[in-house]
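First up is the structure itself, then whatever we jot down about it.
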Amino acid sequence: MGNEAYNHLGIEEPIYKRWEASGYFNPDKLPGRRKKAFSISMPPPNVTGELHLGHATGITIQDILTRYHRMLGEKTLWLPGTDHAGIATQILVERLLQTEGISRHEIGRETFLKHVWAWKQKYGTRITDQIRSLGASCDWSREHFTMDPNLTQAVQKAFITLFNEGLIYRGERLINWCTRCQTALSDLEVKHKDTPGHLYYIKYGPFSVATTRPETKVGDTALAVNPKDPRYKKYVGKKITFETESGSLTLPVIADRLVDPKFGTGVVKVTPAHDPADWEMGERHKLPIKQVVGEDNRMTGSAGKYASLLVSQARDRIIADLQAKHLLIKIEPYTSSVPHCDRCGSIVQPLVSKQWFLKIAPLAKPALAAVKADKIKFVPERFEKIYFHWMKNIRDWCISRQLWWGHQIPVWYCQDNLKKGKTCAPVAATLAPNKCQTCGGTHFIQDQDTLDTWFSSGLWTFSTLGWPNKTKDLKTFHPTAVMETAWDILFFWVARMIMFSLKFAHEVPFKTVFIHGLVLDKDGKKMSKSKGTGIDPLPMAEKYGTDAIRLSLVLGTTAGQDFRLSEEKIAGYRNFINKVWNIGNFVDRQINSAPARTSPPARLPRNGGGGGVPAGRGGGSSLADQWILHKQQILVNQVTEHLNKFRFSDAGQALYDFIWHDLADWYVEIQKIQPNSKVLLGVFQSCLKLLHPFAPFITESLWQRHNKKTQLMISDWPKTKKIKPGADKEFLKIQKLIIAIRNSRAVHKITPQEKVPVYITGSATKALMVDKGIIEILARAILVPTAKLERKAHGHEAGVNFWLELPEASLEHLHKEVSNLKNYIKAQENKLKNSQFTKNAPTVVVDNEKKKLAEAKFKLKQLTK
RNA sequence: GGGCAACUAGCUCAGUUGGUUAGAGCGCUUCGUUUACACCGAAGAGGUCGUAGGUUCGAAUCCUACGUUGCCCACCA
């Protein structure tokens with residue numbers, strides 16, 4: 001009975017249901033008077049998302065923080081939600097419709113959006129259900145979606161405010177255009193990949209010009225050289241006329257610092273419409289802009305005879321034409337950095353387009369200052385540097401997307417004057433204005449574009465609490481305490497939340513940013529679904545239990561550091577969970593079967609030899625009881641301290657070590673000899689509390705065996721106390737002696753069944769004999785106290801010499817120890833002889849070294865008697 | 001081109017402001033079904049902390065170079 005391994009199946013789901021039904025995920029329903037508020041905003045996963053280990057890591061850490069602070073008695077809110085994920089969701093639904101042969105252009109915007117909402121209705125809870133299965137104790141009654149009416153209201157309010165302040169503007173500028181997604185992208189959504197290609201050297205009159213994109217040469221509007229380059233000084237400011245693949249052309253020669261004289265030939269063709277650097281030069285020198293690549297990835301009408309060709313075709317044609325005219329000097333293999341769409345992976349075309357932009361500098365400045373002033377702290381700290389660097393070099397943010405799924409830009413254009421060929425000033429408003437302020441017209445149409453998904457997520461911490469309304473939640477829970485996220489969305493999201501929150505909520509969005517690492521596969525590669533190298537957390541949870549998954553994602557990891565995960569690791573923590581389960585079974589058995597034996601054996605008064613056990617403390621408790629209670633209190637202090645400092649791994653590791661190696665390996669074994677079920681139960685329940693944030697299911701399940709009416713989730717966190725040093729000293733001697741005897745037995749190949757007489761002698765003999773029973777059983781020995789040392793000892797520990805009764809003395813195993821001791825003593829003596837050391841080192845350190853030397857010498861003497 | 005991180009036992013990783021004879025898990029070796037647990041217990045082997053210098057009484061820990069790997073940022077055509 002009760003001998004079965006822990007089976008999480010059938011345990012986790014009812015427990016989660018009970019938690020949720022209790023209402024305690026909601027801070028308003030928590031019992032007791034809770035003054036201090038603690039809140040975390042959950043980074044909203046994409047509605048299209050499927051739970052991966054990255055989510056699981058974040059959810060686990062956030063849940064640890066949430067459960068910990070709830071147990072501390074704080075008014076704790078963890079607010080969940082999902083993100084509409086503009087591009088990702090639109091692509092997904094488009095593909096879905098395509099399988100039915102429907103294109104979104106056929107059905108139109110309104111019908112398409114109905115399909116997307118229907119999809120969201122159907123599958124949008126998948127990700128939140130998965131988050132529930134991880135045990136997340138977030139307040140589902142406050143769940144939000146970025147396109148909820150109140151969040152949409154927040155987005156509109158934010159946009160209109162920025163618009164009216166002149167921080168949002170519309171303009172024709174060079175942007176990143178994904179020809180596949182058919183939308184503009186922000187700089188962040190573009191990933192540069194080193195791509196092997198060619199460097200073409202083309203004859204431009206007197207110059208040789210190197211380029212990787214010869215097809216853009218039909219869009220050239222200048223040639224540029226470095227102002228300091230003596231080779232070309234005489235050309236600067238002049239116009240040159242030269243032969244091209246399509247006839248003769250005249251271009252000005254400008255001087256610009258952007259040109260690197262060492263690269264290529266030091267002469268650059270300038271194509272302002274299709275290259276960021278060229279665009280910048282074009283602005284500086286007021287160059288004409290000639291767009292030759294269109295949004296459809298084909299050459300435009302301005303490209304002359306190459307018009308309507310695909311970009312790649314145009315390139316081949318131009319090269320052929322140049323060759324025919326002997327204008328191509330040479331081709332070199334060359335690897336250059338080519339922009340790709342972060343979403344779909346196709347090549348991004350830089351081109352000029354009319355888009356909405358957010359002026360970022362006025363927002364970035366306070367966002368920088370807040371972190372500099374430590375109003376926001378990053379854990380680990382090094383990410384502040386990365387944040388600063390990015391913030392300082394940030395450029396205006398292209399916020400409009402040519403998508404249908406998202407927040408439609410709340411800007412209205414008057415149509416009436418348009419007929420007369422005039423344009424009125426656009427108006428930013430939630431609804432169409434009644435009357436045009438410019439012309440009195442009454443017909444308006446709304447801007448067709450939507451906002452970048454990250455515009456709405458940037459408002460997340462406060463829009464979910466009710467902003468722009470002045471709600472109680474906003475007042476109570478904002479700023480949030482911690483933002484827990486991965487480093488890969490530091491710029492996308494964290495930086496923008498800081499800017500927006502300072503702008504609109506007039507305070508920081510969170511006080512600490514905790515950054516976890518990415519989960520890598522066991523070969524150290526980023527997990528990838530397409531490559532099949534990923535571990536899917538849900539089947540793993542099914543197999544090993546959710547608690548084991550949670551532990552494997554937190555223990556043995558460091559903040560900000562990517563870490564590897566393997567199934568073996570998860571199995572290891574499953575074993576630990578099983579250990580906890582079995583300790584629970586043992587505790588039950590002790591309580592039920594041995595209630596009469598709870599009083600410990602009578603104690604002899606201890607002399608302790610100075611600094612021993614505090615006499616009054618613990619009354620009738622045994623040395624083992626005192627030891628475990630002492631260690632237990634150290635554990636409470638450590639776990640609390642680690643959690644306060646976001647050292648989740650250290651906290652979990654301390655628990656793992658204590659529960660397995662102190663509680664199970666020693667104290668439980670001693671309970672079989674010297675039961676004290678009161679202490680046992682107390683220590684165990686304290687462990688359940690400390691472990692609960694990490695492994696909520698098993699701890700709650702075990703807790704409710706003895707506390708049917710209460711929930712561990714809302715029990716009080718154990719209190720930290722000052723540690724009295726030395727309270728464990730006497731028991732440590734017993735432990736050492738047992739280990740030493742076991743060691744000797746193993747070396748001498750004494751089988752475990754065989755109980756052997758062990759002779760002990762020395763000053764501590766009397767004290768140790770008090771716990772004779774423990775030593776004899778755990779070391780499988782019969783202790784024989786002896787007046788004096790009768791032969792060479794097999795060991796010296798804890799103030800006694802001991803030797804085993806063996807037909808022949810075999811002391812070989814001691815040789816190594818003796819030689820180690822000798823070496824150590826020599827090193828210590830040298831150290832202490834060094835006057836520089838004794839002079840400079842703190843006295844505590846010196847004294848400690850002296851003490852260690854004395855101990856080693858004494859031990860050596862005992863062993864060589 | 002700039003920057004960041006990692007390099008510690010066969011493998012995966014700790015090592016909290018420099019101070020015990022550098023730790024854990026897995027794996028390995030030997031032994032063991034002792035009434036919580038074989039998803040277990042006991043004992044053990046295994047590391048000159050990437051390399052070379054430097055600072056210091058003292059360095060895995062601080063500084064400087066270098067090497068290897070990974071990542072981020074960047075307008076080098």
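Throughout, a chain's letter reflects where its sequence line sits, starting with A, and its residues are numbered from 1. Heavy atoms only: backbone and side chains are in, while hydrogens, waters and symmetry mates are out.
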* So what does A:His661 touch, heavy atoms closer than 4.0 Å: a base, only the sugar-phosphate, or nothing? -> sugar-phosphate
* Asked: What does A:Ala664 touch in the nucleic acid at a heavy-atom separation under 4.0 angstrom: a base, only the sugar-phosphate, or nothing?
  -> base
* Asked: So, is A:Gln836 close to the B:U56 phosphate, meaning a side-chain N or O under 4.0 Å from OP1 or OP2?
  -> no
* To do: Would you indicate what A:Arg382 reaches in the nucleic acid, counting non-hydrogen atoms under 4.0 angstrom: base, sugar-phosphate, or nothing?
  => sugar-phosphate
* Please work out if A:Glu641 contacts a base, only the sugar-phosphate, or nothing of the nucleic acid, heavy-atom cut-off 4.0 Å. => nothing
* Answer with base, sugar-phosphate or nothing: what part of the nucleic acid does A:Trp660 contact at a heavy-atom distance below 4.0 Å? => sugar-phosphate
For residues 196-203 of chain A, which side-chain N or O atoms pair as donor and acceptor with protein atoms under 3.5 Å away, sequence neighbours left out?
unit_1: A:Tyr201; atom_1: OH; unit_2: A:Glu332; atom_2: OE1; d: 3.4
unit_1: A:Lys203; atom_1: NZ; unit_2: A:Gly205; atom_2: O; d: 3.2

* Asked: Under 4.0 Å between a side-chain N or O of A:Arg589 and OP1 or OP2 of B:A36?
  -> yes
* Salt-bridged, A:Lys852 to A:Glu855, with N to O below 4.0 Å? -> no
* When all nucleic acid strands are considered with a 4.0 Å heavy-atom cut-off, which category describes A:Asp665: base, sugar-phosphate, or nothing? -> sugar-phosphate
* Does A:Arg745 make a side-chain N or O approach to OP1 or OP2 of B:A43 shorter than 4.0 Å? -> no
* Give a yes/no verdict on a cation-pi contact between A:Arg705 and A:Trp581, requiring under 6.0 Å between NZ or CZ and the six-membered ring centre and an angle within 45° of the axis. => yes
* **Contact letters for nucleotides 70-77 of chain B, in which S counts primed atoms plus P, OP1 and OP2 and B counts the base, heavy atoms under 4.0 Å** => -SSS-BBB
* Can A:Tyr824 be said to stack with the base of B:U21, given centres closer than 5.5 angstrom and planes under 30 degrees apart? -> yes
* To do: Quick one: label A:Gly556 by what it contacts on the DNA or RNA (base, sugar-phosphate, nothing), any heavy atom closer than 4.0 Å.
  => sugar-phosphate
* Asked: Can you find a donor-acceptor N/O pair under 3.5 angstrom joining the side chain of A:Arg564 to the base of B:U12?
  -> no
* Residue pairs, two or more places apart or on separate chains, that pass salt bridge (charged side-chain N to carboxylate O under 4.0 Å, His left out) and touch residues 213-222 of chain A -> A:Arg213-A:Glu215, A:Glu215-A:Arg315, A:Lys217-A:Glu245, A:Asp220-A:Lys269
* Could you state the CD-C1' distance from A:Glu669 to B:U35, rounded to the nearest angstrom? -> 11 Å
* To do: Check ring pair (Phe, Tyr, Trp, His ring centres under 6.0 Å) between A:Phe586 and all other residues, then give those that pass, not counting sequence neighbours.
  => none
* Asked: To the nearest angstrom, how far is A:Leu655 atom CG from B:A14 atom C1'?
  -> 16 Å
* Residue mapping more 5' on RNA chain B - nearest nucleotide basis, A:Thr751 or A:Asp657 -> A:Asp657
* Asked: Which part of the nucleic acid, if any, lies within reach of A:Thr271 when heavy atoms closer than 4.0 Å are counted: base, sugar-phosphate only, or nothing?
  -> nothing
* Which comes earlier along RNA chain B counting from the 5' end, the contact point of A:Lys385 or that of A:Phe586, where each point is its nearest nucleotide? -> A:Lys385
* To do: For A:Phe491, check ring pair (Phe, Tyr, Trp, His ring centres under 6.0 Å) against everything at least two apart and list the hits.
  => A:Trp390
* For A:Arg742, answer base if it contacts any base atom (sugar-phosphate contacts may also be present), sugar-phosphate if it contacts only those atoms, and nothing otherwise; contact means non-hydrogen atoms under 4.0 Å. => sugar-phosphate
* Partners of A:Phe207 by ring pair (Phe, Tyr, Trp, His ring centres under 6.0 Å), sequence neighbours excluded? -> A:Tyr232, A:Tyr235
